[in-house]
Amino acid sequence: MSADQPADQPAASLSAGTTTAVIGAGVMGETLISGLVRGGHDPSLLLVVEKRVDRAQVLADRYGVRVVDDLAAVAVADTVALVVKPQDMSEVLAEVRDHVVPGQLVVSLAAGITTAFVEARLQPGVAVVRVMPNTPALVDEGMAAISAGSHCDVEHLARAEAMLAVTGKVLRVPEKQQDAVTAISGSGPAYLFFVVEAMIEAGVHLGLPRSTATELVVQTVVGSATLLRETGEHPTVLREQVTSPGGTTAAAIRELEDHKVRAAFITAMEAARNRSVALARDED
């Protein structure tokens, strides 16, 4: 399967009787675990590798999954999800190399880490899928982009899609686009939270109670996103519908343009893309 395969394939359903191992139980790791359980994956077939004893107990109690501290346990899994920091990837791969064989699927959720990087540190022939998720997966509104490694076939990609579809939308992209995806949707929630923070502070500055400003801004963001998705209209069209000539919105947009907010967003996302590229180089 080429990484350039079109992204319009339907996600498969979760396969009964397959075991999934999740290495790393931070925010995104737990998000994946909870999503799989909500999506109907048998908790007894979920294996979590977590070395912190207190954290392991929390996960076992909360989700009914098996939690171990030995990476060798992944040998029994059909799919192994690596939900670790990029700087920890080399060490984790070195520990699991002898326990992952061709026939198993490795799904990497680490920013900037290429499928070639992972493949080079595993046994020859192991299928690898690269994923860039984002934190709205916590509320089943995630956006995950997936790319196939050199040993992937249709079944491997479908399996990765099924695993991620329980927490939101999944899109197939060529791997060469993954650093841009990281900059747009991977880091994207932080940009929007930053804008929400600024709008709330503006509301307080203009005399609103913080609770009122927060409710106004949050619902405005949620409603605007829903309008954008459900109408399918271009954002420029929707913006123009709000912007009356000589009106309040036009005055605000003029200030944003004068302060080069659009250019600042582009520059910021270029910086995020460049950092994603650098993460892989740092590991090499």
Side-chain angles (χ1 to χ4, degrees), residues 25-39 58 62-63 83 109 111 131-145 164-171 180-273 275-276:
V27 173
M28 191 53 66
E30 184 174 0
T31 297
L32 179 59
I33 294 162
S34 64
L36 287 169
V37 172
R38 290 195 307 276
V58 167
R62 187 174 292 166
Y63 302 108
V83 198
L109 286 80
V131 179
M132 174 43 59
N134 65 11
T135 55
L138 284 163
V139 291
D140 296 338
E141 289 290 348
M143 179 69 254
L164 295 158
V166 295
T167 57
K169 188 172 182 180
V170 184
L171 184 69
V181 168
T182 299
I184 300 300
S185 62
S187 300
Y191 315 147
L192 296 177
F193 298 147
F194 186 86
V195 170
V196 167
E197 283 183 86
M199 290 177 69
I200 291 171
E201 290 304 317
V204 173
H205 176 74
L206 295 172
L208 294 173
R210 184 170 296 275
S211 59
T212 300
T214 299
E215 187 169 357
L216 289 170
V217 173
V218 171
Q219 182 55 35
T220 297
V221 171
V222 171
S224 299
T226 303
L227 183 65
L228 186 63
R229 180 166 64 183
E230 294 191 359
T231 64
E233 290 281 7
H234 193 281
T236 301
V237 172
L238 295 176
R239 177 177 58 78
E240 289 176 346
Q241 289 175 357
V242 185
T243 312
S244 302
T248 58
T249 308
I253 294 295
R254 184 190 64 204
E255 289 295 328
L256 293 173
E257 293 290 6
D258 286 349
H259 286 82
K260 303 187 186 303
V261 171
R262 188 190 306 264
F265 266 100
I266 294 171
T267 301
M269 293 184 195
E270 286 177 339
R273 185 273 316 276
R275 181 56 186 153
S276 178

State, yes or no, whether a side-chain contact exists between [X] and [Y] at a heavy-atom distance under 4.5 Å.
X      : Y      : result
Thr249 : Ser244 : no
Val131 : Val170 : no
Arg273 : Thr182 : no
Leu32  : Met28  : no
Phe265 : Val261 : yes

Criterion side chain to side chain contact (heavy atoms under 4.5 Å, CB included) on Val83 and Thr31, from CA distance to verdict: CA-CA 10 Å; Val83 198; Thr31 297; over 6 Å; no
Which atom of [X] lies closest to which atom of [Y], heavy atoms considered:
X      : Y      : result
Glu257 : Arg262 : OE2-NH2, 2.9 Å
Ile184 : Tyr191 : O-CE1, 4.3 Å
Ile200 : Ala213 : O-CB, 3.9 Å
Val181 : Ala145 : CG1-CB, 3.5 Å
Leu36  : Val166 : N-CG2, 3.7 Å
Pro133 : Leu109 : CG-CD2, 3.8 Å

Working to the nearest 0.5 angstrom, can you tell me the gap between [X] [atom1] and [Y] [atom2]?
X      : Y      : atom1 : atom2 : result
Thr248 : Ile253 : OG1   : CD1   : 10.0 Å
Glu215 : Thr220 : CD    : OG1   : 10.0 Å
Leu171 : Met132 : CG    : CE    : 13.5 Å
Leu256 : Arg254 : CG    : CZ    : 11.0 Å
Leu216 : Met199 : CG    : CE    : 9.0 Å
Leu238 : Thr231 : CG    : OG1   : 4.5 Å

Does CD in Glu201 sit with more than 12 non-hydrogen atoms of other residues, nucleotides or ligands closer than 6.0 Å?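 Result for CD/Glu201: enclosed.
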How about Arg38 and Ser34: does a side-chain donor come under 3.5 Å of a side-chain acceptor?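 Yes, because at least one side-chain N or O of Arg38 sits under 3.5 Å from a partner of the opposite role on Ser34.
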Thr167 side-chain N/O to Leu164 backbone N/O, donor-acceptor pair under 3.5 Å: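 Flag set: sc Thr167 to bb Leu164 pair under 3.5 Å.
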Taking Ser187 for its side chain and Ala183 for its backbone only, find out whether a donor-acceptor pair lies under 3.5 Å.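 No: the side chain of Ser187 does not pair with the backbone of Ala183.
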